[in-house]
Amino acid sequence: MSDHRDIHKGPERIELNDGNTIPQLGFGVYKIDADTTAAAVGTALEAGYRHIDTAAFYGNERGVGEAIAASGLPREEIFVTSKLWNDRHGDPEAALRESLDAAGLDYFDLYLIHWPCPKQGLFVDVWKKFIDFREAGLVRSIGVSNFLPEHLTTIIDATGVTPAVDQVELHPAFQERELRDFALSHHIAVEAWGPLGQGKYDLLGTRPVVEAAEAHGVSPAQVVIRWHLQRGTITFPKSTQAAHIRENFDVFGFELTDAELAGIDALDEGEDGRRGSHPNVMEP
Ligand code: NAD
């Protein structure tokens, strides 16, 4: 295994089922305060990230847009995702326009239905609107978040349009194997939220992670990010600390071995590993 670090090499771009591409590693901004988001995203863009994951619910789309404007980078070089919140399934177009206004952008690269909210029963109608948004050029790609295979099947059967991505909770304790198999067979890219376990359990202290970190002279967080990348998921770890933001992007100079990957795979707890809400109970 080489110790050589090439921090200038960036993430791969993953091709989506609509022909667009997305950088496999990005920066997430959940729970970053509105007034510190621009600084954090600015640090991320300087470090080389070109993919930012925000949402109306996070209340910080404005800061994301400010950092993009201040960076001087061409808009088309940055992939921006936002999401429709659960209480806006009745008026998604107004919600999308509010999000674009807040971010000061003409379009999002990817727009997601944040949760299916099956009891509300509107997600098929929302998906039809999303198809219109894409046709109108307000968004380049459309997808969903926290959709189970049953929700995916419902919208695909109703419209014939397969989401480009499904963004779901996914980390070593909760590996979403069934969902990943379904997604693979339908050419849906899987995005991992909470990739570092959101600090809700001691993922970074587990033996396979710590041993791989020692073997490669990297941090446990870098090992877990590398595991996501080598397992093919798109991900966007969050941090407000500049050192962690840079560290989490410095993952292209080493590679986990098959044995190291298998050791981390073995941390899967199946459904017991879920730390966040179940998609069928989350409602507005
Ligand atoms: P995460 O797994 O990225 O964990 C973030 C936490 O890990 C930070 O608060 C920090 O304490 C710690 N951390 C980060 N870098 C570290 C490092 N190098 N060393 C040690 N600790 C480190 O959790 P997240 O932010 O919830 O998830 C990532 C992104 O996923 C979010 O910011 C958001 O964009 C998205 N997300 C989406 C949904 C959804 O429902 N679609 C839900 C949650 C998160």
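Remember, predicted model here, so these are calculated numbers, not experimental data. Ligands are counted one by one from 1 in listed order, and the atoms in each one are counted from 1 as well.
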Task: Under 3.5 Å donor-acceptor, Lys83 side chain and Thr54 backbone - done: yes

Open item on the list: Evaluate Phe27 against Asn248 for side chain to side chain contact (heavy atoms under 4.5 Å, CB included), listing each step before the verdict.
Closed with: CA-CA 9 Å; Phe27 182 62; Asn248 294 348; over 6 Å; no

Task: Numbering as shown, the atoms of ligand 1 that approach His114 to under 4.0 Å (heavy-atom distance) - done: 39 (C), 40 (O), 41 (N)

Open item on the list: Nearest 0.5 angstrom please: Asn60 CG to Ser82 OG, how far?
Closed with: 8.5 Å

Open item on the list: Using a 4.0 Å heavy-atom cut-off, which part of Thr240 comes near ligand 1: side chain, backbone, both, or neither?
Closed with: neither

Open item on the list: So if I count the atoms of ligand 1 from 1 in the order they appear, which ones are less than 4.0 Å from some heavy atom of Asp53?
Closed with: 33 (C), 34 (O), 35 (C)

Open item on the list: Need the ligand 1 atom indices (1-based, order shown) with element for anything under 4.0 Å from a heavy-atom of Gly28.
Closed with: 32 (O), 34 (O)

Task: Within 6.0 angstrom of Asp258 CG, more than 12 heavy atoms from elsewhere - done: no

TODO: Under 4.0 Å from a heavy atom of Leu204: give me the atoms of ligand 1 that qualify, with their elements.
DONE: 20 (C), 21 (N)

Task: Proximal candidate to atom 31 (C) of ligand 1 [heavy atom criterion; set Phe249, Phe57, Trp193, Tyr30] - done: Tyr30

TODO: Would you kindly specify which portion of Glu247 sits under 4.0 Å from ligand 1, judged on non-hydrogen atoms: side chain, backbone, both or neither?
DONE: side chain

Task: Ser219 to ligand 1, any heavy atom closer than 4.0 Å - done: no

Open item on the list: Around atom CD of Glu12, are there more than 12 heavy atoms from other residues, nucleotides or ligands closer than 6.0 Å?
Closed with: no

Task: Pair His151-Asn280, side-chain donor/acceptor within less than 3.5 Å - done: yes

Task: Pro237: numbered ligand 1 atoms lying under 4.0 Å from its heavy atoms - done: 3 (O)

TODO: Find the distance between CD (Gln24) and CG (Leu229) and round it off to the nearest 0.5 Å.
DONE: 4.5 Å

Task: Heavy-atom protein contact below 4.0 Å for atom 11 (O) of ligand 1 - done: no

Open item on the list: Please check if the number of heavy atoms outside Lys238 that lie under 6.0 Å from its NZ is greater than 12.
Closed with: yes

Task: Donor-acceptor contact below 3.5 Å, side chain Thr81 vs main chain Asp53 - done: no

Task: Minimum side-chain heavy-atom gap Arg75-Leu105 below 4.5 Å - done: yes

Task: ligand 1 to Lys238 polar contact by distance, N or O atoms, under 3.5 Å - done: yes

Open item on the list: Quick one: does any side-chain atom of Asn20 pair with a main-chain N or O of Asp109 as donor and acceptor, under 3.5 Å?
Closed with: no

- [ ] Select one of side chain, backbone, both or neither to describe which atoms of Asn248 lie under 4.0 Å from any atom of ligand 1, heavy atoms only.
- [x] side chain

Open item on the list: Can you confirm, on distance only, whether ligand 1 has an N/O atom lying under 3.5 Å from any N/O atom belonging to Asn146?
Closed with: yes

Open item on the list: One residue to check: Thr54. Relative to ligand 1, which of side chain, backbone, both or neither has a non-hydrogen atom less than 4.0 Å away?
Closed with: neither

- [ ] Identify, by atom number and element, the atoms of ligand 1 in contact range of Gln167, meaning under 4.0 Å from any of its heavy atoms.
- [x] 35 (C), 36 (N), 37 (C), 38 (C), 39 (C), 41 (N)

Task: Proximity to ligand 1 by part of Tyr58, non-hydrogen separation under 4.0 Å - done: side chain

Open item on the list: Under a 4.0 angstrom heavy-atom cut-off, which atoms of ligand 1 come close to Ala221?
Closed with: 17 (C), 18 (N), 19 (N)

Task: Residue pair Glu191 / Leu110, side-chain heavy-atom distance below 4.5 Å - done: yes

Open item on the list: Between Glu169 (side chain only) and Arg275 (backbone N and O only), is there a donor and an acceptor less than 3.5 Å apart?
Closed with: yes

Open item on the list: Less than 4.0 Å is my threshold; does some heavy atom of Phe27 fall inside it relative to ligand 1?
Closed with: no

Open item on the list: Any nitrogen or oxygen of Pro195 lying under 3.5 Å from a nitrogen or oxygen in ligand 1? Just yes or no.
Closed with: yes

Task: Phe236 N/O under 3.5 Å from ligand 1 N/O - done: no

Open item on the list: Could you tell me if the side chain of Arg231 sits less than 4.5 Å from the side chain of Leu261, heavy atoms only?
Closed with: yes

Open item on the list: Suppose we measure from atom 27 (O) of ligand 1 to each protein heavy atom; which comes out shortest, and what is that distance?
Closed with: Gly194 N, 3.1 Å

Task: Atoms of ligand 1, numbered as shown, that sit under 4.0 Å from any heavy atom of Gly197 - done: 2 (O)

TODO: Could you say whether the N/O atoms of Leu196 and ligand 1 ever approach to under 3.5 Å?
DONE: yes

Task: From the candidates His244, Gln241, Gln198, Met282, the one that places a heavy atom nearest atom 23 (O) of ligand 1 - done: Gln198

